[in-house]
Each structure stands twice: as C-alpha cells, then as structure tokens.
Amino acid sequence: MARIGVVSISDGRDHVHARNAGFIQSKQDALVRSLSAAGHDVVAGSELVATNTLATSVAREVAAAGVDVTVFYYAVWSFPHFTMLAADATRSPLVLVASTDPTEPGLVGMLAAGGALDQIGRAHTRLWGAPDDAELVEKIGVQARAASAVASLRGSTFGRFGGRPMGMNTAVANTDQWMRQFGIDVEEIDQYELVLRAERADAGEAAKAREWIEAHAAGVHYDGKKLTPELLERQIRSYLAIRDIIAERKLDFSGIKGQPELTEHFATMDVTEAFLNDPYDWNGPKDVHVTATEADMDGALTMQLFHRITGTPVLFADVRHYHADRDIWDLCNSGQHATWYAARSDDPAENLAKVHFYPEVFFFPAGGASVQHIAASGRMTLGRLTREAGEYRLQLMLGEFESYDDATNTELMRQSTPEWPHAFARLDVAGERFLSEFGANHIHAVPGDVRAELRAAAAMLGVRVDEWSRG
C-alpha cells in the first residue's frame, strides 16, 4: 500500500479552536484508524493546524516523512489561508477530505480551501464522507496508490538496449520530455554488451535453468535447428547477462531492441524477456523487472506505471488480429508475455505447466525458443501511453481475456502465429473505433479494474485520459 499523510485544518480563532479541538481530533483519529486498517502507512500531523506557523511546520513535518499523498482534513470550518500555507510546504499530491457530520461545517471548510487552491492553480482532489466510510477510504486509497506509482517513476532509470527497432517511431520517446514530465533518465546500452556478457555467463547456471524449464514446462520442442539445448542455454545466459547489467547500472526498468541484430545473428530475447517480467525464475521468487521487447520506450513506461500500481507482471503484446465474427482480439507477440500469465498463479510450476517452448519462426534466423501459452481468462485493464502531436495521452479500456476448448484455441492460434503467446481479448470498445484511434501497435494489460488509479496517476503526470467503452 502507500504512505499517507494526514493534516487536520482548524479555525484560527483561539476560542473556537479550543471548543473544536476534541471534535477534530476524534474525527482525525477515526480516519487514521480506517486508513491503517486498509493497509496503509499513515503519518498524522503532531498538532492540529490552528495558526499560520503551524500550517507550515506541521505540513513540513509530514512531508519529511516521505508521504506519497497528503490528506488535508476538514472536520469544521477552517481558515483557508492555512491550507494555502500547508500546500506550499509539501510537494506531494493533495487530497482535500471533508467530514460530512452535519453538526459542523466541514464541507464549507473544504470548499473554501479548494477554491483558494484553484485560484493559484494547485491541483488537488476533493473527497467527503464519514471517517469510517469504506467508500471514502477506498477513494483515498486510489489516490494514494496512484501517487505512490507516480513517485516511483521520478528518479528512476530506464535501460535502453539498442536503438529504434525496424523504423518503429512509436517505440522511441524524447528523453528530455521523459525527464521533464516523468523524472526518468534513460541509460543507453549497446546490445553488444549483452552479447559479450552472455558469452561469459555461468554455464553451470544456464544448464541448471534449462533442466528446470525442461522439468516444469508443458513441452520444450527441440528441432535440432532453430531450437537446441545450446540455443536455449544461450537465451538463458542472455538473461543472466542482463541481470548483471541491471544490478551494476541500477536500472529500474528496461527495453531490448532485439530485431534485427540479435534475432539475425545471436538468438531471440523471448526467454530473457519473459523471465525478467516474471516474479520468479529457477532460483525462486524475485522482483519483476519490467522489460519491453523492441526497446519500446512508451510501452515500457506504460508497463512500469501499471506494475507500480498493481504489483503484478504486465502483459505486452502486438494487436495482431481482430476476429470480427467473434468480436475477439488476438493479442500476440514474440516477446515477453511473462509465463505468469499462463495461469496467474504464485506457483511457477502451475504456470509453466501451461507453457510450451517452441522453435522460433522464419522471422528470426538466429533461432531460440519462443515462450508460448494462452493467457488465463479474467477481467483486465488494458491501455497504453501514446503521443499525439508530442503530447502524452493514456488510452484506457476494460476487457476480458477468454480461453476456449482446445480445438477453438488451436484454430484461433493457427490463423496467426501458433508458436507465439496469445491473449484472446474481448475489449470494451468497438473494433472500428479501436483500429481508427489507437496510437500504437503494442498494447499492455494487468488483471482487474485499476482504471481509477490510472486516471488519478495520469492527472498527477499531466497526461490526458482517453477512456473507451461501448456506452
């Protein structure tokens, strides 16, 4: 969860504050208990704000605790200039929350404070309700999770292995814009570094990993040409190599160009990318390291934001085909469909039991294994950060991943590239609109409905949201 600061704003008249202090404190204590019970780390101001000096000092004290979002709480009428001073003392996103107890004018205090912030252009969110209202606590949680995700982007580093792949403009972003808008630095790394490191990687570790894959996967389909034990171990050594580079250069998320240099002359990066995006490998649980195939910068940025909000791996796919007769999209890509998506289980054996490693297809003469499975069914949030005339927008929608009987699955896969991973998605947007307006060939997804968090995060990042639905 997130770290939430709470600062209660009071009336500036001594005699009025003295009368109201117990009431304000009781409301603040109840709100803190509710937020803590929801799993958040709550930092409450040490005093109620009833003077201009306290407005600044208490806000600074809470800000110094490294909160992701700051709640200004209004249980009574509150002097608006206290809010202005407190807001100036913190850089975190602000949520103004009013108590709806009718015995005191908390709503009046919030509206006066919010109007004052509007006048100076300080963005904020307004919420209201009883301190033990589950809906209010969830709405604060949405803002806090979004703020935590946004804060995690600032000061982070993206590792870009290789340059623009195959002339793909949508995979390349402006590094100055990334730093200015998101606070992200880009570390440029030549793919030759990966090749050199892979050649020197621990052969014993690679053999151990290959045997683990062979023991747990639904199948490793060696053909003696495009996929051999040696080629699979080369892909695993690439994973070991990039793990070392990530650790040495302190990379937070990455992208690998792959095509055409590695796929023509070395090996595909499918295995490398899949296990970087997985929450485990043959040595047990590990952190997800978001990695975009084709060094897709905006794809990786989308994935990192989605991951920071949900904590789960993030799906990456081409929008390969629309089956109009079924209203189903085949989201299929030779790249990093993390094996976790095969069953979305905490047990890697359960996921890998649904994963096949097939010889790569004609696109990739260097060979290696593709990581093939059908993504498990369920409600998904899908979207991507794209750019229109240089300005970012978040194109966002709900969908359902579906899976069918073996014959239907096989027939649908056969119509595109059966050796690659697939997610069969029913999107909450008309096919004609999607194809007319979506701003890239890559799309990303996470389980569940996290649109509220993504809307909030986009607002904090200065990104407009284009949200699609059939309604």
Please report the shortest heavy-atom distance between [X] and [Y], naming the atom on each side.
| X | Y | value |
| --- | --- | --- |
| G390 | Q177 | O-NE2, 3.0 Å |
| D68 | A144 | CB-O, 4.2 Å |
| D252 | S156 | OD2-CA, 3.2 Å |
| N333 | A317 | CB-CA, 3.7 Å |

Check for me whether the distance between the ring centres of [X] and [Y] falls short of 6.0 Å.
| X | Y | result |
| --- | --- | --- |
| W420 | Y358 | no |
| F253 | H289 | no |
| W340 | Y280 | no |
| H373 | H356 | no |
| W282 | Y239 | yes |

Requested in this report: Kindly determine whether F316 and H337 satisfy ring pair (Phe, Tyr, Trp, His ring centres under 6.0 Å), including the steps that lead there.
Outcome: CA-CA 6 Å; F316 177 115; H337 276 232; 8.3 Å; no
Query raised in the report: Does the salt bridge (Lys or Arg N to Asp or Glu O under 4.0 Å) test come out yes or no for E419 and K226, once each step is laid out?
Result: CA-CA 12 Å; E419 295 88 352; K226 284 291 191 70; over 6 Å; no
Is any side-chain heavy atom of [X] closer than 4.5 Å to a side-chain heavy atom of [Y]?
| X | Y | result |
| --- | --- | --- |
| V314 | N277 | no |
| I140 | L127 | yes |
| I213 | I236 | yes |
| Y404 | F424 | yes |
| D330 | H323 | yes |
| D270 | F275 | no |
| P447 | T312 | yes |
| F438 | Q395 | yes |

Query - Candidate pair H422 and Q372, rule side-chain hydrogen bond (donor to acceptor under 3.5 Å, both in side chains), full reasoning - result: CA-CA 7 Å; H422 298 258; Q372 191 265 4; 5.2 Å; no
Any sub-3.5 Å donor-acceptor pair from [X]'s side-chain atoms to [Y]'s backbone N or O?
| X | Y | result |
| --- | --- | --- |
| T228 | G224 | no |
| T157 | L251 | no |
| R237 | A198 | yes |
| N351 | S345 | yes |
| D405 | A407 | yes |
| R344 | S377 | yes |
| Q235 | T268 | yes |
| H216 | W212 | yes |
| H124 | R122 | yes |
| K286 | D281 | no |

[X] and [Y] ion-paired at < 4.0 Å:
| X | Y | answer |
| --- | --- | --- |
| R200 | D244 | no |
| D118 | R126 | yes |
| E187 | R160 | no |
| E453 | R145 | yes |
| E467 | R455 | yes |
| R464 | E388 | yes |
| E135 | K139 | yes |
| K208 | E233 | no |

Requested in this report: Could you walk me through whether E400 and R379 pass salt bridge (Lys or Arg N to Asp or Glu O under 4.0 Å), step by step?
Outcome: CA-CA 5 Å; E400 292 277 345; R379 172 60 60 93; 2.8 Å; yes
Report task. Walk me through it: do D278 and T339 pass the test side-chain hydrogen bond (donor to acceptor under 3.5 Å, both in side chains)? Result -> CA-CA 7 Å; D278 269 324; T339 67; 2.6 Å; yes
**Report entry** With R384, the side chain to side chain donor-acceptor pair (under 3.5 Å) member among T170, T302, D296
**Finding:**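 Passing option: D296.
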Report task. Begin from the C-alpha positions of Y392 and D298 and carry the test side-chain hydrogen bond (donor to acceptor under 3.5 Å, both in side chains) through to its verdict. Result -> CA-CA 10 Å; Y392 273 95; D298 285 343; 2.5 Å; yes
Report task. Would you please test W468 and R433 for side-chain contact (heavy atoms from CB on, under 4.5 Å) and show each step? Result -> CA-CA 9 Å; W468 297 342; R433 182 178 187 189; 3.5 Å; yes
Report task. List the steps, then state whether side-chain hydrogen bond (donor to acceptor under 3.5 Å, both in side chains) holds for E273 with T293. Result -> CA-CA 7 Å; E273 292 164 346; T293 198; 3.2 Å; yes
Mind checking the [atom1]-[atom2] spacing from [X] to [Y]? Nearest 0.5 Å is all I need.
| X | Y | atom1 | atom2 | value |
| --- | --- | --- | --- | --- |
| I309 | S152 | CD1 | OG | 9.0 Å |
| L301 | L153 | CG | CG | 6.5 Å |
| L331 | I443 | CG | CD1 | 6.0 Å |
| E230 | R210 | CD | CZ | 8.0 Å |
| L240 | E205 | CG | CD | 5.5 Å |
| L427 | S469 | CG | OG | 12.5 Å |

Answer yes or no: are there more than 12 heavy-atom neighbours, outside [X] itself, under 6.0 Å from its atom [atom1]?
| X | atom1 | answer |
| --- | --- | --- |
| D223 | CG | yes |
| D327 | CG | yes |
| D287 | CG | no |
| K354 | NZ | no |

Query - Trace of the salt bridge (Lys or Arg N to Asp or Glu O under 4.0 Å) decision for E391 with R387 - result: CA-CA 5 Å; E391 298 295 323; R387 283 164 286 145; over 6 Å; no
